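Naming: A, B, ... by sequence-line order, numbering from 1 per chain. Only a predicted model underlies this, so the values are computations on that prediction, with no experimental measurement involved.
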Amino acid sequence: MRRRRLRRRRPRDEAELFGAAHAFAGWSLAELARALGVEVPPDVRRAKGFAGRLLERALRAERGSRAGPDFVFPAGGVELKTLPVDARGRPLESTFVCSASLAEIAPWPESKVRAKLARVLWIPIERGVELAESRVGSPLLWSPSAAEEQALAADYEAHAELIALGYTASISGHRGRFLQLRPKSKLGAARRPDPEGGLVLGPRRAFYLRASFTARIIARHYIVPPAGEP
DNA sequence: ATCTGATCATAC
DNA sequence: GTATGATCAGAT
């Protein structure tokens, strides 16, 4: 295993953040964890989010688990998203964006979804057989193109309309070409206020980007430096 | 092989 | 409980 060193300073702008992220391209999660002085969890099923938190620490994200973008620069916030990919660079999972309230849904221009996705640093993680063997790919600093934003907005508004009409029963992960609205808790697990002041029983929902969408974002992007195999 | 509902961990 | 970080695993 190669020796790996971390840089010390917190990035002060996008360029520094991108440079810092790029410096990790090719590292395994084991190497990154060792450099940070943390253990790689043995049980993958109990380690969801490990790669994301590891990269947050490695890149000195300010906000950690608090609300708002991971990095706040004078020029604007940047959201950090790790994206699990296979050896060919295809995303293996959908991407969580943010939770959604069925009691209240903002129009697209003021939506949390739009704010979250305005500026994203994507870091592909090429999944290894073992979690520790997974490798950090090269980063991509992204904002939605006009076409991408239009597509996301269309999906979002369709979800928002169902919510506004109270058709919560017909909300499912099947809807949305690129942006899904799916449960993030067990059915019937939560009780929350509805617009009339009563209580609505139902799962917590959240917006997710389909893998087909993130695949297009990182398509033809250089994913992970060669591992030295033929 | 892909997708949707369910699930896990941590911070506040 | 809500937010952050996501991935698991059974259904299709």
Output the rounded distance in Å from [atom1] ([X]) to [atom2] ([N]).
{"X": "A:E56", "N": "B:dA11", "atom1": "CD", "atom2": "P", "answer": "11 Å"}
{"X": "A:H174", "N": "B:dT2", "atom1": "NE2", "atom2": "P", "answer": "16 Å"}
{"X": "A:R205", "N": "C:dT2", "atom1": "CZ", "atom2": "C1'", "answer": "17 Å"}
{"X": "A:L55", "N": "C:dG5", "atom1": "CG", "atom2": "P", "answer": "12 Å"}
{"X": "A:E39", "N": "B:dA9", "atom1": "CD", "atom2": "P", "answer": "17 Å"}
{"X": "A:D43", "N": "B:dC8", "atom1": "CG", "atom2": "P", "answer": "11 Å"}

Evaluate the ring planes of A:F213 and A:F178, with Trp represented by its six-membered ring, and classify them as parallel (under 30°), tilted (30 to 60°) or perpendicular (over 60°). tilted

Measuring only between side-chain heavy atoms, which start at C-beta, is [X] closer than 4.5 Å to [Y]?
{"X": "A:R119", "Y": "A:L141", "answer": "yes"}
{"X": "A:L54", "Y": "A:L29", "answer": "yes"}
{"X": "A:L59", "Y": "A:F71", "answer": "yes"}
{"X": "A:D70", "Y": "A:E79", "answer": "yes"}

Reckon [X] has a side-chain N or O less than 4.0 Å from the OP1 or OP2 of [N]?
{"X": "A:Q180", "N": "B:dT4", "result": "yes"}
{"X": "A:R46", "N": "B:dA9", "result": "yes"}
{"X": "A:R204", "N": "C:dA3", "result": "yes"}
{"X": "A:R57", "N": "C:dG5", "result": "no"}
{"X": "A:S99", "N": "C:dA3", "result": "yes"}

Under 4.0 Å, heavy atoms only, any strand: does A:K112 hit a base, just the sugar-phosphate, or nothing?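 Answer is nothing: A:K112 stays at 4.0 Å or more from every strand.
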
Protein-to-nucleotide contact annotation, 5' to 3' order, nucleotides 6-12 of chain C [B base; S sugar-phosphate only; - none; under 4.0 Å, heavy atom]: BBBS---

Applying salt bridge (charged side-chain N to carboxylate O under 4.0 Å, His left out) to A:R10 and A:E16, what does each step give before you reach the verdict? CA-CA 9 Å; A:R10 188 192 298 288; A:E16 285 191 3; over 6 Å; no

Count the heavy atoms of every other residue, nucleotide or ligand shown that sit under 6.0 Å from CD of A:E161, and state whether that count exceeds 12.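 No.
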
